[in-house]
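Report on one structure; see the data block that follows.
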Amino acid sequence: MTTETTETTETTATSWRKSACILCECNCGIEVQVEDRQLVRIRGDKAHPSSAGYTCEKALRLDRYQNGTPRLTSPLRRRPDGTYEEIDWDTAISEIAARLAGIRDEHGGDRIFFYGGGGQGNHLGASYGQALQAALGVRYRSNALAQEKTGEMFVDGRLYGGHTKGDFEHAEVVVFVGKNPWQSHSFPRARPVLKEMAADPARTMVVIDPRRSETAAMADIHLQVRPGTDAWCLAALGAVLVQEDLVDHAFLRDHTTGAEPVLAAYAEIDVTDFAARCGVEEELIRTTARRIAAAESACTYEDLGIQQAPHSTLSSYLNKMLWILTGNFAKQGAMFLHSVFVALAGGGSGGGGGGSRTTPVTGARIISGLVPCNSIAEEIDTHHPDRFRAMWIDSVNPVHSLADSAAFRRAMRTLELSVVVDIAMTETAREADYVLPAASQFEKWECTFFNVDFPENVFHLRAPLMEPLAGTLPEPEIYARVIRALGVVDDASLEPLRAAAATGLASYAEAFFAAVSADPRLMGLAGFVLHETLGPSLGAARGTAALWGVSQLCAMNQPDAVARAGFAGSGFEPGNRLFERILEGEGVVFTRDDYDNAWDYVRRPDRRFTLEIPELLDRLRSLAGEPSSWTTEEFPFVLSAGERRAFTANTIIRDPSWRRRDANGALRISPTDASSLSLRTGDGVRVVTEAGAAVATIEVTDTLQPGHVSLPNGLGVQHPDGTPGVAPNELTSLHHRDWLAGTPWHKYVPARLEPL
Ligand SMILES: Nc1nc2c(c(=O)[nH]1)N[C@H]1C(S)=C(S)[C@@H](COP(=O)(O)OP(=O)(O)OC[C@H]3O[C@@H](n4cnc5c(=O)[nH]c(N)nc54)[C@H](O)[C@@H]3O)O[C@H]1N2
Ligand SMILES: Nc1nc2c(c(=O)[nH]1)N[C@H]1C(S)=C(S)[C@@H](COP(=O)(O)OP(=O)(O)OC[C@H]3O[C@@H](n4cnc5c(=O)[nH]c(N)nc54)[C@H](O)[C@@H]3O)O[C@H]1N2
Ligand code: SF4
Ligand SMILES: [Mo]
């Protein structure tokens, strides 16, 4: 197979080639010089429509992703003694397909569980993974979103049926809730945007964080809550808005239903008591609420500091009420709902996000089609007849990333079949029956589906920078081979589609949609059908075939916004033109909106927000009488397990040499606690939790408050050059989870410290 880039200008070894950084969801556009499969020079791509030349320091070290870790170069099969033997692709594919089919035939396709399907920058394979799920009759799946975002998705689904983001660049007031964008980014050009905000006296940056994060240090107002008490802080902020009558009544009247019970619940809150509970001065809470209400525009960003902490779903609801009660939607500097290139989570969030589906063994709530991550091990490691019996794992490292690594390892070993698709022998791969070697993200066509911008939304398909490493395959090809081996589609029946593809996209579109309406089963298998029929006409870009279907749906579902971006026409023309433009391999604006168009994305017939969420309002009413601390005498510290730092990027880069600073991923601790334990920077300490223990290196810093300690994410990954730092989920446990969404309390792990 050849995978040359489509670059038509210079093709010398040192020409600059367009790509993107894959280390966080921003996927900043980059330009790269490649020599001997090394990414020798990397710079921000000034022409990229969302990042506009910006990168952080991490992107410059992407060669450590491509070349820093021993790669898998052959499919592996586990022997009974736990070691692995290399097998050829044909053997691997036929054995795996036969075992999947056997489990499906004996127990049902719904006993096969799918986890993952993409990291921060590789979502293209997911389209084909979905086809394999359809081919097997899989009904249960999940990914990392179900250990962070499902609480927010539940709330979003109930309120308006879409995903929101803020216009941080233009807002007069920005509130970051458990979010440290200086390190974690998550919106384009985060650092310049933060600096501009901090430098402008007319604008106000508010940060709610128990730690003086880099962002908090730049902020005008830092609400330094006690860890885990955001629900009380956010409820108090909303209560000030309601009780001091700072609410935008016209907005509530014109754009919402169900405001009365919400206002009534806030009216009952004792702000003085709630301020004391979260450890923030009452006057500061009042000033903050008044500042938000007085602003021309305000927006908020919530992230892991609340989403992986107690009451996360309730906090998410209370956070969103801050901008809803003040009417900060669909105008410059405010919040917005945006277009999507492709829906990220199955089941969609429209109409409720938290549907009535539950998991087969423990009855956990399934939100946006995703099984809560903390429930996965429990759904496997049991004698229950409906347990998951096989697991397909792609582009994720759940043994490292999900709560209680030991429980996940045990669960994997009880499965009848487990398959891991990865580029490296990860912590998860080491527990699998089969390991399939994928081409890296710079060796194949790739993209991210984290396209969440407004008023212009951007999609970027990246062309490969080099051939796949010998022995590896791109995911589209891996999935196509397994589905072919399953024999679910009669190849001869695809011949007419292949013939249509040879005559061009216009006739292919007619033929494809005719075929799907004649045989609706093909819709679920679309990724595979496209790969097998449109794919051959795309030559080396065969793996992008699924994006043709995505482009068509994108244009059909959002015709006006796509037309405003320049993809107009009748019938299948807009989708075809969008696909052709995307294939050029640069960032493409695929929808263009005005601020007012944010209302178009409210998935309600009356385009109104539905404010009342009874189960969350009940819990808000009972907050006053609930505990706001979950530490014990045995475990008196709150450990935040997984802080984003300058050189963390989940487990995407395994090579420890990529870190210029903080090589051991220090445990940060306040001077007060350090001195009472006689600890100094550089000392070792044993961190003990109910789930496990680990030795960490101390960094004493006054950015932490007494009683709170913090470890970074992404450390403790196995590498031939050493495994520095603590793998955070050796310390976390499954049952500390949100009462509604089941999301883990990674930021609130009761712990004890034992000096060595
Ligand atoms: N450098 C880097 N950037 C990344 C990533 C990475 O690995 N490294 N990962 C990406 C991913 S997958 C994600 S999801 C995002 C996450 O991005 P963030 O959510 O911003 O990252 P965190 O550092 O995990 O948590 C944010 C803040 O929550 C605070 N916090 C801890 N406990 C509490 C609490 O009880 N209440 C409040 N209010 N705050 C609390 C922490 O002190 C921290 O400053 O980052 C993305 N960007
Ligand atoms: N305690 C604690 N745990 C956490 C967090 C925390 O803050 N604290 N953060 C959580 C969050 S927000 C997230 S998003 C998760 C992230 O955790 P995961 O969802 O598990 O993702 P990664 O760690 O990024 O793992 C990505 C995997 O993809 C592989 N990979 C890279 N490129 C390719 C490719 O082209 N093809 C294939 N097939 N594989 C590839 C990498 O080698 C790696 O094994 O971690 C979560 N876990
Ligand atoms: S890590 Fe994120 S913010 Fe930094 S360059 Fe990469 S994509 Fe951009
Ligand atoms: Mo994440």
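Quick note: residue numbers are just sequence positions, from 1.
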* To do: Keeping the roles fixed (side chain from H48, backbone from G44), state whether a donor-acceptor pair exists under 3.5 Å.
  => no
* **Nearest atoms (heavy-atom pairs only) where I423 meets A438** => CG2-O, 3.5 Å
* Is it the case that T503 and Y508 place a side-chain donor and acceptor less than 3.5 Å from each other? -> no
* **Separation of S15 OG from E31 CD (nearest 0.5 Å)** => 10.0 Å
* To do: Walk me through it: do H460 and N27 pass the test side chain to side chain contact (heavy atoms under 4.5 Å, CB included)?
  => CA-CA 9 Å; H460 182 187; N27 278 222; over 6 Å; no
* Does the side chain of S186 come under 3.5 Å of the side chain of E25 through a donor N or O and an acceptor N or O? -> yes
* Carefully, step by step, assess R37 and F442 under the rule side chain to side chain contact (heavy atoms under 4.5 Å, CB included). => CA-CA 10 Å; R37 304 182 67 87; F442 297 115; over 6 Å; no
* Asked: Can you tell me how far OG1 of T533 sits from CG of D491, rounded to the nearest 0.5 angstrom?
  -> 10.0 Å
* Asked: Is it true that a side-chain atom of N557 and a backbone atom of L553 form a donor plus acceptor pair closer than 3.5 Å?
  -> yes
* When you look at H123 and F450, which way does the ring-ring contact (aromatic ring centres under 6.0 Å, His included) test go after all the steps? -> CA-CA 9 Å; H123 295 159; F450 290 133; 4.7 Å; yes
* **Expected output: side-chain W89 to main-chain G471 donor-acceptor under 3.5 Å** => yes
* Would you say the side chains of Q133 and R141 form a donor-acceptor pair under 3.5 Å? -> yes
* Determine whether the side chains of D655 and Y65 contain a donor N or O and an acceptor N or O closer than 3.5 Å. => no
* Look up atom CD1 in I478 and atom CG in D394, then write down how far apart they are to the nearest 0.5 Å. => 7.5 Å
* Give a yes or no answer on whether the side chain of N122 reaches the backbone of G118 with a donor-acceptor pair at less than 3.5 Å. => no
* Asked: So E477 and K444, salt bridge (Lys or Arg N to Asp or Glu O under 4.0 Å) or not? Walk me through it.
  -> CA-CA 11 Å; E477 180 64 25; K444 63 195 174 205; over 6 Å; no
* Close aromatic pair by centroid cut-off 6.0 Å: F341 and F590 -> yes
* I would like to know whether D63 and N67 meet side chain to side chain donor-acceptor pair (under 3.5 Å); could you show each step before the answer? => CA-CA 6 Å; D63 187 63; N67 291 306; 2.6 Å; yes
* To do: Compare every heavy atom of A429 with every heavy atom of T426, then report the nearest pair and how far apart it is.
  => OG1-N, 2.9 Å
* Verdict with reasoning, E584 to R581, per salt bridge (Lys or Arg N to Asp or Glu O under 4.0 Å) -> CA-CA 6 Å; E584 290 169 21; R581 176 72 182 88; 2.9 Å; yes
* Structure fact -> Here the gap from T428 atom OG1 to L402 atom CG, rounded to the nearest 0.5 Å, amounts to 8.0 Å
* Apply side chain to side chain contact (heavy atoms under 4.5 Å, CB included) to R104 and L100, showing your working. => CA-CA 6 Å; R104 173 197 60 195; L100 286 169; over 6 Å; no
* Structure fact -> V588 and P49 have their tightest heavy-atom pair at N-CG, 4.2 Å
* Asked: Yes or no on salt bridge (Lys or Arg N to Asp or Glu O under 4.0 Å) for E580 and R577, after CA distance, side-chain angles and deciding distance?
  -> CA-CA 5 Å; E580 282 168 339; R577 294 181 55 202; over 6 Å; no
* For D433 and R77, run salt bridge (Lys or Arg N to Asp or Glu O under 4.0 Å): C-alpha distance rounded to whole Å, both residues' side-chain angles, the deciding distance at 0.1 Å, then the answer. => CA-CA 6 Å; D433 296 318; R77 179 175 60 201; over 6 Å; no
* To do: Ignoring hydrogens and angles, tell me if any N or O in the side chain of E443 forms a donor-acceptor pair with the backbone of P464 under 3.5 Å.
  => no
* Taking the side chain as every heavy atom from C-beta outward, state whether V458 and N451 have any pair of such atoms under 4.5 Å apart. => no
* To do: Rounded to the nearest 0.5 Å, what's the gap from CZ on F459 to OG on S339? Could you check?
  => 12.5 Å
* To do: Determine the sole option in R389, M391, E431 for which the side chain to side chain contact (heavy atoms under 4.5 Å, CB included) test with L415 is passed.
  => M391
* **Main-chain N/O of A190 paired with H185 side-chain donor or acceptor, under 3.5 Å** => no
* Salt-bridge contact E532-R484 (side-chain N to carboxylate O under 4.0 Å) -> yes
* Give a yes-or-no answer on whether the side chains of D600 and Q558 include a donor-acceptor pair shorter than 3.5 Å. => no
* Asked: Do side-chain atoms of S440 reach the backbone of P468 as a donor and acceptor pair under 3.5 angstrom?
  -> no
* Asked: Yes or no on side chain to side chain contact (heavy atoms under 4.5 Å, CB included) for L461 and F579, after CA distance, side-chain angles and deciding distance?
  -> CA-CA 10 Å; L461 173 68; F579 177 63; over 6 Å; no
* Asked: Have D45 and W16 got a donor and an acceptor in their side chains that come within less than 3.5 Å?
  -> no
* Check: F336 ring centroid to F454 ring centroid under 6.0 Å -> yes
* Mind checking whether H163 and Y601 have ring centres under 6.0 Å apart? -> no
* For the residue pair S50 and D453, what are the closest heavy atoms and their distance? -> CB-OD2, 3.7 Å
* Pairwise side-chain contact, Q147 with S142, heavy-atom cut-off 4.5 Å (strictly under) -> no
* **Close aromatic pair by centroid cut-off 6.0 Å: F513 and F572** => yes
* Side-chain contact test, heavy atoms from C-beta onward, threshold under 4.5 Å: evaluate it for M466 versus L39 and give yes or no. => yes
* To do: Please confirm whether the backbone N or O of G121 pairs with a side-chain atom of R462, one donor and one acceptor, at under 3.5 Å?
  => yes
* Asked: Does any N or O in the side chain of D36 come within less than 3.5 Å of the main-chain N or O of Q38, such that one atom is a donor and the other an acceptor?
  -> no
* Asked: Hey, would you say the Y434 and W392 ring centroids sit under 6.0 Å apart?
  -> no
* To do: Give the minimum heavy-atom separation between A343 and V340, together with the two atoms involved.
  => N-CG2, 4.5 Å
* Trace of the side chain to side chain donor-acceptor pair (under 3.5 Å) decision for Q441 with Q66 -> CA-CA 8 Å; Q441 296 184 48; Q66 177 63 31; over 6 Å; no
* C554 SG to L578 CG distance, which is reported to the nearest 0.5 Å -> 5.5 Å
* Determine the minimum heavy-atom distance between L124 and G543, stating which atoms define it. => CD2-O, 3.5 Å
* Below 6.0 angstrom between ring centroids: does that apply to F113 and F388? -> yes
* Asked: Can you check whether E456's main-chain N or O pairs, donor with acceptor, with H338's side chain at less than 3.5 Å?
  -> no
* Give a yes or no on whether D88 atom CG has more than 12 heavy-atom contacts from other residues, nucleotides or ligands under 6.0 Å away. => yes
* Quick one: list whatever passes salt bridge (Lys or Arg N to Asp or Glu O under 4.0 Å) with D105, sequence neighbours left out. => none
* Can a donor-acceptor pair be found between the side chains of E427 and N397 at a distance below 3.5 Å? -> yes
